[in-house]
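Structure record follows, encoded as structure tokens.
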Amino acid sequence: MLAKLTQLVIIGGLLSLGVTGCGTTAGNPATSSSAKSLSADRAFSTSNAASPLGTNTNEILESDASVPFIDLMRAAMPFQEASPWLTKGNVTYDSDGWPVNLNGGQAGTRFLSNLPAAVIPEGTYTVLYDGEGEIQYLNDAALIERKVGYDTITLAAGNDGIFNASLLILRSNPQNYVRNIRILPPGGICSSNSFQRVASASGCGGDFKSFVEHANSIVFNPDFMAFMKDFRAIRFMNMSGVTRSTERTWADRNQLNKATWGGKEGSRGAPVEIQVELANRLNADPWFTLPHGADDNYVRQYATYVKQHLNSNLKPHIEYSNETWNTIFTQGNHMIDMGLKLGLDTHAQRAGHRYYSQRSVEIFKIWEEVFGGTQRLVRILSGWTINDKLTETVLSHKDAYKHADAFAVGPYVFGGHAEVRTIKSVDDALGLITNPVYRYSHDKVMGYIRMQKAITDKYGIQLMAYEAGQGLVDFHTKTDDEFPNPLLFAANRDPRMRGIYDRFLNGWKAEGGTLMMHYTAPRTFTKHGPWGTKEYITQPLSQAPKYQALLDFIRSTPCWWNDCKR
């Protein structure tokens with residue numbers, strides 16, 4: 001109980017997690033280690049079998065307002081990355097990122113950053129850890145009581161209404177160093193319902209499971225689960241950390257026993273075990289994006305794990321990396337480098353598109369070998385919504401279309417990148433979407449979808465959306481409050497956005513699109529864009545017009561394409 005997820009074992013065909021004890025004293029509720037099946041607290045979603053929509057996930061960061069895990073340490077900043085602000089001196093680390101020897105310095109991490117106060121409950125949290133040492137708490141976290149391997153702290157956002165919280169390891173015994181830190185909330189769930197947080201046992205009919213005592217089997221934040229349950233598919237692109245990934249071999253992947261799954265691009269990401277378990281609990285098809293540099297063994301091991309552990313009624317959706325046509329990402333340049341190296345074309349970008357197509361098919365074939373055919377797989381090639389030539393190249397190169405089930409695009413409505421800097425009001429911002437004169441207005445985007453649908457029809461495959469939604473963002477701004485960000489944020493909060501989304505979703509269906517993966521899970525509106533379906537995971541539905549529209553569509557429009565219902 002009360003333990004860090006550290007080792008996978010298989011018990012009766014179910015995913016279970018081996019755990020380590022927490023090194024606590026007698027009388028502490030966290031006194032033993034054991035292996036416990038994650039299925040013990042499993043409650044499947046029943047409302048998404050005919051849903052036509054999926055959702056993208058967010059990057060694992062301490063600022064992620066979707067807060068997917070009950071253990072706040074899962075998304076914390078790695079100790080190494082917190083230097084020189086929190087981590088100071090010549091600290092050395094073990095292979096999982098835990099500070100082994102402080103060498104006279106200190107090791108710190110930030111586990112909450114710039115999050116609305118309502119995103120998690122304020123109150124008394126429990127911090128568990130193995131080893132011998134002393135932890136100090138900063139910002140909105142304060143120590144109440146300390147025992148061996150067991151601290152009680154308060155978390156309260158303060159007058160600014162924003163959560164920021166950090167911790168420092170000030171003292172640690174190198175022979176038994178502080179590690180396996182877990183930061184667990186008050187309350188728990190009823191074992192019959194993992195989609196609802198309850199404050200105490202009085203909220204259940206005798207089946208209460210506290211977060212502190214059952215952290216290793218509950219794993220996921222019930223507020224996150226409640227949001228996710230209506231979506232038929234989950235695209236793990238952000239959560240898996242695939243963008244600018246440095247993973248090449250199977251040994252490079254993020255694993256369960258890593259100190260934190262958060263951090264910078266190239267190193268962060270939830271392990272495949274967590275992705276599969278979330279899909280299983282939500283009864284949702286997983287949409288996996290494989291790292292651009294993954295070798296064949298990586299792909300085979302990944303597919304093998306999914307084959308062995310994903311519920312048999314669910315279909316893996318397989319995509320090679322993310323937006324490989326987009327050279328702002330390292331994966332885009334990787335495609336060009338490999339395409340030119342292999343002599344696939346003399347034109348650099350076209351060579352990259354051909355390599356993406358070719359490598360995708362190679363990856364699909366490995367999955368087909370592991371799964372014994374294509375029946376359970378959804379093999380996805382992707383491209384740029386407005387670029388029909390790219391689509392033709394990807395699908396036709398060495399007859400790649402014969403080895404794919406769908407082609408996916410990312411339709412966004414926003415008017416235009418330059419145009420967002422000309423607005424003077426919320427009406428102007430919404431007008432960028434509704435006025436057909438703009439290149440990325442609703443009407444223009446429907447035309448691009450129609451164009452792509454004609455190509456996918458020609459090749460006999462489905463048209464999907466790997467991302468979709470509004471795209472009101474100015475990528476040139478440096479701060480959240482710089483013009484035009486306040487107007488763009490206000491447009492996303494405006495009740496009229498619900499009608500814009502309703503028209504957009506129905507337009508997608510009318511033009512022949514199939515599965516749409518909305519972008520993205522709840523996240524705060526920042527200079528990087530107001531992308532979140534909601535601004536934070538617990539935001540009331542009445543304040544989230546985009547979420548209202550998505551739920552309206554899910555509940556009124558069952559999926560319409562062949563073999564869509566499970």
Side-chain angles (χ1 to χ4, degrees), residues 45 47-57 227-240 275 278-279 282-289 306 310-311 313-320 322-323 360 364 367 374-385 391 394-395 401 404-413 445-446 448-450 452-453 455-457 459-469 501-502 504-521 533 546 549-566:
S45 172
S47 60
N48 63 356
S51 172
L53 299 179
T55 182
N56 276 265
T57 50
F227 169 80
M228 298 290 288
K229 67 180 175 59
D230 293 301
F231 297 99
R232 73 172 293 113
I234 310 166
R235 188 168 182 254
F236 286 106
M237 183 270 294
N238 280 331
M239 182 178 277
S240 67
Q275 298 173 52
L278 180 60
L282 291 168
N283 196 35
D285 291 331
W287 183 315
F288 299 114
T289 48
V306 174
L310 185 67
N311 289 349
N313 67 310
L314 300 178
K315 288 187 174 184
H317 289 48
I318 312 305
E319 181 187 16
Y320 176 39
N322 172 61
E323 292 195 352
S360 293
F364 297 157
W367 280 77
T374 63
Q375 183 176 2
R376 198 180 158 200
L377 301 175
V378 180
R379 302 159 298 171
I380 302 167
L381 294 166
S382 297
W384 188 8
T385 308
T391 306
V394 168
L395 291 177
Y401 73 94
D405 303 294
F407 189 84
V409 294
Y412 285 104
V413 287
V445 170
M446 289 301 127
Y448 304 141
I449 293 169
R450 199 175 307 122
Q452 295 287 357
K453 181 63 166 59
I455 299 173
T456 57
D457 282 351
Y459 288 104
I461 60 177
Q462 290 185 356
L463 178 66
M464 293 182 175
Y466 65 85
E467 294 173 14
Y501 256 57
D502 178 71
F504 177 69
L505 295 168
N506 281 285
W508 167 259
K509 177 180 184 290
E511 297 298 344
T514 59
L515 176 63
M516 174 187 283
M517 308 297 290
H518 181 255
Y519 195 86
T520 186
T533 303
K546 291 183 290 188
L550 295 177
L551 290 181
D552 290 344
F553 191 70
I554 289 171
R555 292 165 182 170
S556 66
T557 314
C559 57
W560 53 87
W561 54 93
N562 290 336
D563 301 322
C564 75
K565 296 181 181 179
R566 285 196 294 271

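Note that the numbering runs from 1 along the sequence shown for the chain.
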Student check: side-chain heavy atoms of Pro52 and Met516 closer than 4.5 Å: no
Qualifying residue, where the test is side chain to side chain contact (heavy atoms under 4.5 Å, CB included) with Trp287 and the options are Lys315, Met517, Gln275: Met517
Heavy-atom side-chain contact between Trp384 and Glu323 under 4.5 Å: no
His317 vs Asp405, side chain to side chain contact (heavy atoms under 4.5 Å, CB included): CA-CA, chis, key distance, verdict: CA-CA 10 Å; His317 289 48; Asp405 303 294; over 6 Å; no
Pairwise distance CG(Leu282) to CD1(Ile234) - rounded to 0.5 angstrom: 4.5 Å
Criterion side chain to side chain contact (heavy atoms under 4.5 Å, CB included) on Phe364 and Leu377, from CA distance to verdict: CA-CA 9 Å; Phe364 297 157; Leu377 301 175; over 6 Å; no
Under 3.5 Å: donor-acceptor pair, side chain of Arg232, backbone of Ala49: yes
Backbone N/O of Ile554 and side chain of Asn48: donor-acceptor pair under 3.5 Å: no
Separation between CE of Met237 and OH of Tyr519, rounded to the nearest 0.5 Å: 5.0 Å
Atom pair CD1/OG1 of Ile318 and Thr374 - distance to nearest 0.5 Å: 12.5 Å
Side-chain heavy-atom pair Lys453, Glu511 within 4.5 angstrom cut-off: no
Leu550 and Asp230, any side-chain heavy atoms less than 4.5 Å apart: no
Flag, side chain of Thr520 to backbone of Asn56, donor-acceptor distance under 3.5 Å: yes
Plane angle bin for Trp560 and Phe553 - parallel if under 30°, tilted between 30 and 60°, otherwise perpendicular: perpendicular
Any donor-acceptor pair under 3.5 Å from Asn238 side chain to Thr57 backbone: yes
Chi angles and distances behind the side chain to side chain contact (heavy atoms under 4.5 Å, CB included) call for Leu463, Trp508: CA-CA 10 Å; Leu463 178 66; Trp508 167 259; 4.0 Å; yes
Of Ile380, Ile455, Leu395, the residue whose pairing with Phe407 passes side chain to side chain contact (heavy atoms under 4.5 Å, CB included): Leu395
Arg235 and its side-chain hydrogen bond (donor to acceptor under 3.5 Å, both in side chains) partner, picked from Asn322, Thr289, Asp285: Asn322
Pair Glu319, Ser382: side-chain N/O donor-acceptor within cut-off below 3.5 Å: yes
